[in-house]
Amino acid sequence: MTVTSKVDEPRLEELAKRVDDAVSALADLDPKSRAVAEELKAALEAVHRAGLVTIVRRMREDDAARAVLFELVDDPVVHLLLSLHEIIRPDPVTHANRVLVSVRPQLQSHGGDVTLVRVEDGTAYVKLEGACNGCSMSSVTLRNLVEQALVEGVPAISAVEVLPNEPSPTLIPLEALRIGPGRVRDGWAKLGPVDDVTDGEVTVRSLTADSGESAEVIVVSVDHRLSAYRNECAHEAMPLDNAVLDVGTGTLTCPWHGFCYDASSGECLSAPGAQLEQLPLRVDDGDVWVRVRG
């Protein structure tokens, strides 16, 4: 009786590295040699795929072999091999991420990006970053690009839902919000009666405190929640007098270059990291007060 020793099979990582190294080495060949090598690679892949398709088809047709086939598909190396030859479809998340890779350069060329959060019941949930998350027409075009790529490129996906990015709240010191004897002159200026601030609109004022500090200010009212900002877009410091306030989405859009902001926090949704300068605001005895001191 002949006894053969068991040979350790190479791990998936080792096999993948050999493939990556060989593909990288192709770039160092002269054009003619590279063409021959790539043709050899394509021919071998065609032979492998034809053989694998035959094996999988026969195993599917046999009741006993079908159970073994399903077990083999769970093996990482076998799963990778069958996926590479498109004999089995990758899971929806993997497939969706591959599709997004193809559109990401176009998104990034416009200052945006996309992240796939999850795929659930045929719907892909994504988060858009940078310019993709703004409110201008170009942003809508980029969002449509993502939706079209996923719905057309991934059979398991029939709809795309864009998840909102959570705004980063602006922290205002509690001490700055206190109004009372001896505090009114400390940079606070009275804007006027709260009833004069129309809900769903942008109120523009030039304010001057008793202490002499002054500022151009806008007050935004969304569902009667007030937020005050310096009247300067974070893009090029252009005034926001005619900014478009969308109560439904809670966004404020600069009329000059379409930069979009979260109306409640001032966070720029078109360029992450940018921010309107939020000013402390308080309603006291029916009057709106804004602290204009820097």
Side-chain angles (χ1 to χ4, degrees), residues 10-29 34-35 37-57 59-60 69-134 138-165 272:
R11 297 179 302 170
L12 175 61
E13 294 80 2
E14 296 171 348
L15 295 171
K17 185 178 185 304
R18 287 181 62 185
V19 173
D20 291 341
D21 291 345
V23 172
S24 298
L26 287 176
D28 297 329
L29 299 177
R34 184 165 59 250
E38 289 177 345
E39 171 57 26
L40 175 60
K41 171 177 171 289
L44 289 174
E45 287 178 347
V47 172
H48 292 163
R49 187 180 191 284
L52 287 170
V53 167
T54 300
I55 293 172
V56 169
R57 183 185 299 118
M59 293 183 74
R60 282 177 174 171
L69 175 61
F70 291 156
E71 290 180 7
L72 286 172
V73 171
D74 290 333
D75 180 86
V77 176
V78 176
H79 190 279
L80 175 62
L81 182 62
L82 297 179
S83 297
L84 287 174
H85 289 285
E86 299 181 346
I87 297 173
I88 61 172
R89 291 180 178 177
D91 63 273
V93 173
T94 300
H95 197 175
N97 277 316
R98 289 180 184 174
V99 169
L100 291 178
V101 167
S102 66
V103 300
R104 185 163 280 117
Q106 188 169 351
L107 297 175
Q108 293 174 343
S109 68
H110 289 78
D113 209 338
V114 59
T115 299
L116 177 68
V117 177
R118 67 182 185 275
V119 176
E120 186 177 291
D121 297 329
T123 299
Y125 295 86
V126 302
K127 282 191 175 183
L128 300 174
E129 304 166 9
C132 300
N133 201 30
S138 61
S139 302
V140 174
T141 300
L142 294 179
R143 290 200 295 272
N144 290 341
L145 173 66
V146 171
E147 182 174 5
Q148 181 179 354
L150 289 175
V151 172
E152 294 182 359
V154 185
I157 293 176
S158 57
V160 176
E161 182 171 330
V162 178
L163 298 176
N165 288 342

**Asked** What's the verdict on salt bridge (Lys or Arg N to Asp or Glu O under 4.0 Å) for Lys41 and Glu45, showing C-alpha distance, side-chain angles and the deciding distance?
**Response** CA-CA 6 Å; Lys41 171 177 171 289; Glu45 287 178 347; 3.2 Å; yes

Gap between atom [atom2] of [Y] and atom [atom1] of [X] - 0.5 Å precision:
X: Leu150; Y: Leu145; atom1: CG; atom2: CG; value: 9.5 Å
X: Glu39; Y: Leu44; atom1: CD; atom2: CG; value: 9.5 Å
X: Glu152; Y: Glu147; atom1: CD; atom2: CD; value: 10.0 Å
X: Asn97; Y: Thr115; atom1: CG; atom2: OG1; value: 9.0 Å

Do you know which two heavy atoms are closest between [X] and [Y], and how far apart they sit?
X: Arg34; Y: Leu26; answer: CD-O, 3.2 Å
X: Ala124; Y: Ile157; answer: CB-CD1, 3.7 Å
X: Val154; Y: Ala96; answer: CG2-CA, 3.8 Å

**Item:** Glu161: side-chain hydrogen bond (donor to acceptor under 3.5 Å, both in side chains) partners, not counting sequence neighbours
**Value:**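 Testing Glu161 for side-chain hydrogen bond (donor to acceptor under 3.5 Å, both in side chains), a comparison that skips the adjacent residues, returns none.
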
**Message:** Using only atom types and a distance under 3.5 Å, with no angle test, would you say the side chain of Arg104 pairs donor to acceptor with the backbone of Val114?
**Reply:**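 Yes; judged by distance alone, with no hydrogens or angles, the pair exists.
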
